[in-house]
Protein chains: 2
Amino acid sequence: MPEPLGEFQRRMLEFIVNYIRREGMPPTNREIGKAMKIASTGHVDYHLSMLEKRGYIIREAKKSRGIKLTRHPWGIPVEGTIAAGEPIEIFSEPDQTIEVGHGVDPESSFALIVRGQSMIEDHICDGDYVVIKRQRTCENGDIVVAVHLVEGTPGKATLKRFFLEKEQVRLQPANAELEPIYIPRDEWDREWEIQGKVIAIVRHYGGPGRAA
Amino acid sequence: MPEPLGEFQRRMLEFIVNYIRREGMPPTNREIGKAMKIASTGHVDYHLSMLEKRGYIIREAKKSRGIKLTRHPWGIPVEGTIAAGEPIEIFSEPDQTIEVGHGVDPESSFALIVRGQSMIEDHICDGDYVVIKRQRTCENGDIVVAVHLVEGTPGKATLKRFFLEKEQVRLQPANAELEPIYIPRDEWDREWEIQGKVIAIVRHYGGPGRAA
DNA sequence: CATTGACTCGAATAGCCGTTCTACTCTTGA
DNA sequence: TCAAGAGTAGAACGGCTATTCGAGTCAATG
């Protein structure tokens with residue numbers, strides 16, 4: 001999608017990216033000018049408008065440091081824990097987030113903390129974070145968050161591999177000691193819901209946890 | 001380390017964190033005032049100085065949007081791939097980074113892409129990213145990047161669990177099919193070097209990759 | 001009551017910021 | 001040669017920003 005860039009503007013974009021990474025905020029036009037040895041702020045503005053026209057950045061007019069990268073890292077909320085052998089409820093972990101880059105859309109993604117060994121053969125361990133992309137459908141073999149809707153409760157969720165078979169849906173744990181759940185098609189349609197599929201996992205060794 | 005915060009200042013800090021997450025830059029004092037229904041910018045400045053004094057933020061005087069979080073997410077560079085059965089060289093993957101929050105210091109951390117199945121029993125798979133904290137020492141049982149220094153080459157690195165035994169160092173793969181490497185103490189001291197230990201792993205399912 | 005500390009407002013100030021305008025130099029190509 | 005386009009400098013302008021100051025409120029404490 002992005003048009004190729006000249007050498008100079010490529011270096012300028014690189015400076016902006018590094019500045020944001022280093023300082024936690026975008027640079028001002030004058031700071032860019034100083035770093036790129038450009039004397040005129042109007043000149044910087046000119047190059048920024050080029051970068052914007054070509055889709056590398058988005059600018060907010062008149063705002064100081066009003067430069068955004070079109071692809072940039074974001075945090076997504078951790079919405080609770082999920083099991084395991086027995087389905088348990090997703091409960092909210094207020095304020096906790098994990099950082100994932102990779103173009104994960106924070107609007108349509110969230111994370112859960114895995115409890116138990118039910119996905120151990122897929123190398124998803126107790127304590128891992130799983131990053132879920134919200135979607136109501138999935139393909140065979142996807143690892144999904146499936147929710148059993150029971151009236152009067154918020155629903156019980158489980159993390160399993162999804163397989164659509166002739167007469168039924170099979171929710172397959174990745175642990176030889178655990179049995180898959182078989183659900184007839186009509187019951188599936190009526191009482192179950194896909195909440196999303198796993199697109200990434202994050203595991204921490206030793207460390208205390210995560211930042212806010 | 002951080003002193004506890006009053007309700008109001010806690011909400012103010014939360015707003016700042018969310019603003020940065022949402023907008024990619026810190027808010028101005030006026031924007032904070034508007035969001036917190038504070039009429040006076042001097043008033044905002046007062047609360048910010050409280051947050052700074054208590055160690056939650058750092059401010060750069062006179063700079064617009066000059067607020068930094070003391071713990072904030074960063075990207076760390078991906079420096080290459082690492083094996084596996086056979087030690088291979090770390091080669092640079094220019095420009096690639098992954099995002100990790102959790103207070104990982106980007107100055108002292110980097111990431112590698114795992115190739116092969118040598119750590120599979122620790123549930124570290126082919127294609128996973130391992131996040132390495134640079135350090136020259138480690139404790140028994142740590143998963144480390146160990147480099148065998150051979151003259152005239154940049155060194156060959158391997159990913160193993162480290163065990164210091166009576167007369168030797170044991171570098172233990174997590175795969176029953178692979179033999180550990182045993183290194184006499186004097187050879188270890190002379191020819192080997194710890195480059196860092198694994199503090200996190202990140203795995204992506206399906207998706208194409210990551211953003212710059 | 002008097003004092004202290006935390007919090008709030010309104011106003012003022014000096015400087016920073018994004019943007020625009022004019023003018024100039026190259027290079028490319030018709 | 002002429003025109004067009006990209007790149008550069010300098011200056012100016014109006015708005016935005018962080019900071020400071022003086023004054024005031026309120027609750028807790030002595």
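Since this is a predicted model, take the numbers as computed values, not measurements. A, B, ... follow the sequence lines: proteins, then strands. Residue 1 opens every chain.
- Rounded to a whole Å, the CE atom of A:Met12 is 11 Å from the P atom of D:dG7.
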Would you please test A:Asp128 and B:Arg203 for salt bridge (charged side-chain N to carboxylate O under 4.0 Å, His left out) and show each step? CA-CA 11 Å; A:Asp128 287 359; B:Arg203 182 185 307 152; 5.8 Å; no
Assign a letter to each nucleotide of nucleotides 14-19 of chain D from its 5' end: B, base within under 4.0 Å of a protein heavy atom; S, sugar-phosphate only; -, no contact. ---BBB
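- Checking side-chain atoms of A:Arg65 against main-chain N and O of B:Ser64 turns up a donor-acceptor pair under 3.5 Å.
- Counting only distance, with no hydrogens or angles, the side chain of A:Asn175 and the backbone of A:Gln117 share a donor-acceptor pair below 3.5 Å.
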Would you tabulate the pairs of protein nitrogen or oxygen atoms and nucleotide nitrogen or oxygen atoms of nucleotides 6-8 of chain C closer than 3.5 angstrom?
from	atom 1	to	atom 2	distance (Å)
C:dC7	OP2	B:Tyr46	OH	2.8
C:dT8	OP2	B:His43	NE2	2.4
C:dT8	OP2	B:His47	NE2	2.6
C:dT8	O5'	B:His43	NE2	3.0

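- For A:Ile32 and C:dC16, the CD1 to P distance is 17 Å, given to the nearest whole Å.
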Mind listing the side-chain donor-acceptor pairs of residues 137-146 of chain B below 3.5 Å, one per line with the distance, residues two or more places apart or on another chain?
from	atom 1	to	atom 2	distance (Å)
B:Asn140	OD1	B:Leu164	N	2.6
B:Asp142	OD2	B:Glu139	N	2.9

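- A:Lys197 has its side chain out of reach of B:Tyr205: every pair of non-hydrogen atoms, C-beta onward, lies at least 4.5 Å apart.
- The separation between A:Lys37 atom NZ and D:dA9 atom P is 12 Å, rounded to whole Å.
- A:Val114 places none of its side-chain heavy atoms less than 4.5 Å from the side chain of A:Ile201.
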Hey, mind stepping through A:Trp188 and A:Phe162 against ring pair (Phe, Tyr, Trp, His ring centres under 6.0 Å) and telling me if it holds? CA-CA 12 Å; A:Trp188 174 263; A:Phe162 172 92; 5.6 Å; yes
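- Salt bridge present: B:Lys63 and A:Glu31 bring a charged side-chain N and a carboxylate O closer than 4.0 Å.
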